[in-house]
Each structure stands twice: as C-alpha cells, then as structure tokens.
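Down below is the structure, laid out as structure tokens.
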Amino acid sequence: MVHGIGPACDLQFRSIVQCVNDFRLVSLNLLHAHFKKSLDGGQIGRVEFLPVNWHSALHADATGVDKDIQRITLPSICRLRQFTNETLLDLFFYNSPTYCQTIVDTVCGEMHRIYRLFLERNPTFKGRVSVTGHSLGSLILFDLLTNQVDPTGSPAHKAKASVQGSESRTNKKSLKDILKELEVEDLGAVFERERMGIDGLVLCSEQDLKNLGIPLGPRKKIIEYIKHRTHLQDTNCPPMETSPNPELTPPPLTSGTTFNMVNYEYFDVGIGQVRINYPQLSFHPEIFFAWGSPIGMFLTVRGLKRIDPKYQFPTCKRFFNIYHPFDPVAYRIEPMVLREEEFEPMLIPHHKGRKRMHLELKEGLTRMGTDLLGSLRVAWQTFTRPPVPTLPPPTTEAAELPVSELPPVTETPPVAAGEDVPVNEDPAALDVGMLNGGQRFDYVLQEKPIESFNEYLFALQSHLCYWTSEDTALLFLKEIYQTMGVSMDQPLQ
C-alpha cells in the first residue's frame with residue numbers, strides 16, 4: 001500500500017503504518033463476517049496489508065532537498081509554508097526528473113524489501129500479490145506498472161512501436177525501413193538516385209526535399225521524423241534499463257496530438273511521463289487498486305485525450321479506480337476509454353447490503369416526481385387535444401367490399417401514462433477496454449447521510465476516508481478472493 005503526498009495519511013495526522021494497521025483490522029472483521037465458511041473450511045487465509053513509505057526517503061538528509069527549500073522559504077505564515085513544503089511540494093518533486101527517479105526507486109526498492117522479508121518469514125506462502133496507491137501513490141504505481149516488461153512475450157503485449165530506447169533502435173534501421181514505416185516507400189528510388197542514406201536524410205531541410213520533387217504530404221511526414229530523431233540525439237539519453245527487449249513493451253496509450261501521422265517510435269515517452277529509468281518489480285501484481293486517484297487528470301494534462309481500449313498493464317491483469325463522490329482529488333478514467341457515451345460509475349455496495357437509506361429515499365422521490373409529472377403531462381394533453389373530426393359515412397361501393405379486400409389498418413399500441421422507453425442495458429456490460437480485463441473499473445463509494453448535507457464541508461475528509469472505509473475493504477476482499485474462485489457467503493444486494 002503506497003501513500004500519497006505528505007507524511008500524514010488522514011485527518012489525525014497518522015503515518016502510513018498506523019493507517020495500514022487500521023485497514024488490516026477492518027478487513028479482518030469483514031473477513032469473519034462475509035467469508036466465514038471459506039475461512040473455516042481452509043479455502044482461504046487472511047489478506048496481509050503492508051505499508052510502503054517513500055516520503056521519508058525523499059525528505060531525508062541524503063537528498064538535502066528540505067534544507068534547500070527551507071533556505072528559500074519566506075519567514076511569514078510559517079506553519080502554512082511548512083505544511084506546503086511537506087505535502088504539496090511532493091507533486092512538483094514527482095514531475096522533476098531528479099526527484100521523480102528518487103521517488104520511483106524508493107517505492108520499487110521498498111516493495112522489493114518488504115516482499116522479500118515477507119517471504120522469509122512466511123516460506124510456505126503461495127498466494128498472489130496486489131498493489132494499492134492512494135492519491136499521488138496511485139499515479140506512481142500507474143507509471144511504474146506502465147513501464148514493466150512482460151517476460152512471457154505474449155502477443156497482447158508486443159508493441160507495434162516502443163516508447164523507450166527509440167534512438168538506439170532507430171540507428172539500426174535502414175532508410176528503406178524508415179520510409180516503409182512512414183508509408184512513403186515509393187520514394188526510395190528518389191533517395192537511391194541521390195545516393196542518400198539515413199544520415200543524409202536527417203540533414204535535409206524542407207526546401208531540399210521540395211527540390212527533390214517530393215510531394216507535400218510525404219514531405220511533412222519526413223520532416224516530422226527528422227525533428228523527433230534530432231530531439232532524441234539532443235537529449236543524449238541511453239537505452240532504458242526497463243526495456244532490454246523492445247518487442248515486449250506495452251502498446252502505448254493514444255495521444256491527443258493533432259498530427260495525422262503518430263508514430264510513438266519517435267517520441268521520448270509515449271504517455272508524457274518524466275524521462276527516468278523505471279525499475280522492474282520482482283513480482284507480477286494480480287490487481288492494482290487506486291484510491292482517490294488523479295491519474296485521469298495527469299494523463300489529460302500530459303496531452304492524452306484517449307486510452308486505447310486494447311491497452312492493459314504488461315504484468316497486471318486487473319485495475320480498479322475507487323473514489324468518494326466528494327473527493328476533490330479523484331478523477332474518473334473510464335470516459336477516457338469510452339468517449340462517445342455518458343455513463344455512471346459502478347456503485348460500491350454498502351458492506352451490510354443494499355444502498356444507504358438516504359440514497360434510496362432520494363431515488364424514490366426522484367422516481368415519484370418523474371411519474372407524477374408524466375401523469376400530469378398526459379392529462380393536460382387529453383384536455384387540450386382538439387376534437388377528432390367525424391368521418392363521412394362509407395360509400396355504397398366500399399360497403400359492398402368483403403372484409404378481406406379492405407386495406408389493412410396499423411394500430412399503435414397505447415402507451416401508459418409516464419411510461420418511458422425501456423432500457424435493459426446492464427451498466428456492468430459496458431465495453432470500457434482491457435485495462436481491467438474487459439470489466440468496469442470506475443467504482444464510487446456511497447456518501448454517508450451527514451456528508452450529503454454539505455459536500456464542501458466534507459471534501460477534505462472524503463479524500464482521506466479510504467483507510468477506514470469498510471465498503472472499500474470489502475471490495476478488496478471480494479475481488480482478491482474472486483481470483484481464487486471464492487465468493488462471499490451471501491452476495492450483497
């Protein structure tokens with residue numbers, strides 16, 4: 001479990017270790033209440049929750065960042081500035097190449113250390129491992145899992161174009177290969193006549209290409225390639241340690257670029273991440289849970305308008321984006337995959353079953369108001385409808401025709417008052433891509449009755465509520481045990 005910004009994780013200013021201890025106790029109580037049969041039958045064991053602390057390593061004396069920040073901090077409003085330096089600055093640190101590398105290395109190294117220590121203390125452990133990130137911690141895990149390498153080399157994770165190490169791979173390609181990727185292979189004869197290779201092509205200006213008689217469309221593609229290759233050479237970045245085999249990198253997310261030709265082989269980082277060396281995890285997570293996550297916002301700010309429906313993490317099969325409806329930091333991700341429709345997230349059931357009473361009451365009043373308005377509308381249309389004109393009597397010829405020869409009459413079935421067109425679409429059946437194995441992954445908690453009175457008053461608390469949320473803990477247990485073929489004793493309604 002990876003924490004977010006700052007040293008404290010809740011309104012009581014407790015550390016990540018204390019909050020994880022509380023979450024562990026909550027899950028144990030729910031385990032005995034909802035999975036008692038499977039637990040007594042020896043089918044399952046408890047879920048262990050382990051904290052990952054990266055904030056202390058970032059702000060330790062080894063980095064010296066706190067002393068540097070304190071040296072330039074103004075002396076006024078000391079407590080507010082101290083709070084800002086300890087919390088909000090973590091967002092800026094993560095977007096800095098220097099400190100982002102420190103954060104990612106610390107998170108990955110701490111996960112390796114805890115996992116190795118757990119295996120030493122539990123040598124008979126044969127279970128699976130999942131990861132959880134809260135707030136900024138979820139973004140750290142998202143970037144880390146995006147840059148993992150699948151050692152099996154399954155076709156689903158073979159990239160058409162790699163996102164890292166592009167300079168070294170590009171240098172190995174011939175001019176013919178480059179022209180083929182740019183879909184201008186018919187121009188190969190022109191460059192062969194001029195005895196031009198890749199090195200000569202990079203030195204060409206747009207005017208040079210125009211003098212060779214290359215049309216505007218192919219010319220723009222070649223110029224765009226030259227720009228990206230030149231940028232890669234200027235950055236002088238060595239091949240990434242995380243991509244020893246370029247054929248095994250995950251398919252990139254879809255960028256919001258305005259160019260017609262988008263080839264991620266010439267981009268530094270395909271989804272706008274900070275250019276650092278992403279280490280590899282020593283295990284493959286089964287599920288990735290994100291709490292109160294700003295992943296959607298960061299991807300949008302990085303220039304991504306859409307996530308490819310075929311995209312999934314190379315080494316993680318499942319993903320859940322869990323948030324409170326009043327959380328000011330949380331953002332949805334499903335609309336980035338399914339952009340054409342508007343739809344609601346999946347509602348997390350209450351741990352005791354059914355919806356909270358105030359939500360059911362609100363839905364009942366809304367439904368009652370809709371039915372009442374529909375009935376009044378139909379009654380008003382009945383009173384204001386103009387009278388139907390009387391039909392003239394049938395002619396002698398029409399009266400003598402048999403019934404079989406009369407023209408057919410199509411009758412419209414009556415519509416009951418306030419009746420709407422039935423929609424039988426199951427919200428869980430929406431196609432939101434493969435990020436969660438083809439299933440929904442935006443899940444929203446139910447607010448408490450007192451929180452519904454003033455959502456602004458409980459906004460900050462809603463961002464920190466996950467550590468003690470029984471509904472969240474039960475969703476964890478339900479999804480984790482489902483991977484083992486174990487269901488709850490009684491499914492929630």
Side-chain angles (χ1 to χ4, degrees), residues 1-3 50-54 57-58 94 96-120 125-133 136-169 237-253 264-265 267-290 295 298-299 302 311-319 434-437 483:
M1 306 187 80
V2 182
H3 66 85
L50 303 172
V52 175
N53 185 358
W54 56 265
L58 175 65
Y94 187 69
S96 163
T98 301
Y99 297 108
C100 180
Q101 185 71 67
T102 301
I103 294 174
V104 171
D105 288 344
T106 302
V107 170
C108 190
E110 188 69 4
M111 292 171 72
H112 287 168
R113 185 188 69 83
I114 293 175
Y115 182 61
R116 185 168 56 250
L117 182 62
F118 179 81
L119 292 181
E120 291 176 359
F125 175 73
K126 302 297 182 182
R128 299 180 175 94
V129 183
S130 297
V131 293
T132 305
L136 180 61
S138 65
L139 180 65
I140 297 172
L141 289 177
F142 183 89
D143 290 343
L144 188 60
L145 292 177
T146 301
N147 288 274
Q148 296 299 293
V149 175
D150 181 17
T152 62
S154 59
H157 295 130
K158 286 188 177 181
K160 185 177 181 180
S162 177
V163 193
Q164 284 104 2
S166 49
E167 179 184 4
S168 59
R169 296 193 307 276
C237 183
M240 301 293 287
E241 296 177 3
T242 59
S243 300
N245 188 349
E247 294 297 322
L248 301 182
T249 51
L253 306 181
Y264 287 90
E265 196 162 358
F267 281 75
D268 288 327
V269 179
I271 60 173
Q273 297 167 329
V274 179
R275 190 173 183 83
I276 62 171
N277 295 330
Y278 287 92
Q280 298 295 297
L281 294 174
S282 58
F283 56 88
H284 292 172
E286 184 71 20
I287 308 176
F288 169 27
F289 297 97
I295 291 175
F298 269 85
L299 293 181
R302 290 170 176 177
Y311 179 79
Q312 59 184 150
F313 296 115
T315 58
C316 184
K317 302 176 183 178
R318 306 290 303 280
F319 170 67
M434 297 302 298
L435 202 53
N436 189 29
T483 62

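For this chain, numbers begin at 1 and follow the sequence in order.
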How long is the gap from [atom1] on [X] to [atom2] on [Y], to the nearest 0.5 Å?
X: D105; Y: H112; atom1: CG; atom2: NE2; answer: 10.5 Å
X: L435; Y: K317; atom1: CG; atom2: NZ; answer: 15.0 Å
X: C108; Y: Q280; atom1: SG; atom2: CD; answer: 8.0 Å
X: L136; Y: Y94; atom1: CG; atom2: OH; answer: 7.0 Å
X: N147; Y: D143; atom1: CG; atom2: CG; answer: 7.0 Å

Open item on the list: Given P285, which partner from the list T132, L144, V131, L141 fulfils the side chain to side chain contact (heavy atoms under 4.5 Å, CB included) test?
Closed with: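 Only one of T132, L144, V131, L141 forms a side chain to side chain contact (heavy atoms under 4.5 Å, CB included) with P285, namely V131.
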Task: Ring geometry between W54 and H3 (parallel below 30°, tilted from 30 to 60°, perpendicular above 60°) - done: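 Parallel: the ring planes of H3 and W54 meet at under 30°.
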Task: Parallel, tilted or perpendicular: rings of F313 and F319 (30°, 60°) - done: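 Plane angle over 60°, so perpendicular.
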When you measure from the side chain of [X] to the backbone N and O of [Y], does any donor-acceptor pair fall under 3.5 Å?
X: D150; Y: T315; result: no
X: Q148; Y: L281; result: yes
X: E110; Y: N53; result: no

All side-chain contact (heavy atoms from CB on, under 4.5 Å) counterparts of [X], not counting sequence neighbours:
X: Y115; value: L119, V129, S282, F283
X: T483; value: R128, E286, I287
X: M434; value: Q312

Task: For I276 against P97, the heavy-atom pair lying closest together - done: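 It is CG2-O, 3.5 Å.
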Open item on the list: Ignoring hydrogens, what is the shortest heavy-atom contact between V52 and V107? Give both atom names and the distance.
Closed with: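 The answer is CG1-O, 4.0 Å.
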Task: Heavy-atom check, side chain of I103 versus side chain of I140, under 4.5 Å - done: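 Yes. Closest side-chain heavy atoms under 4.5 Å.
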TODO: Evaluate the side-chain proximity of P314 to V149: yes if any heavy-atom separation is below 4.5 Å, no if none is.
DONE: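 No, too far: nothing below the 4.5 Å cut-off.
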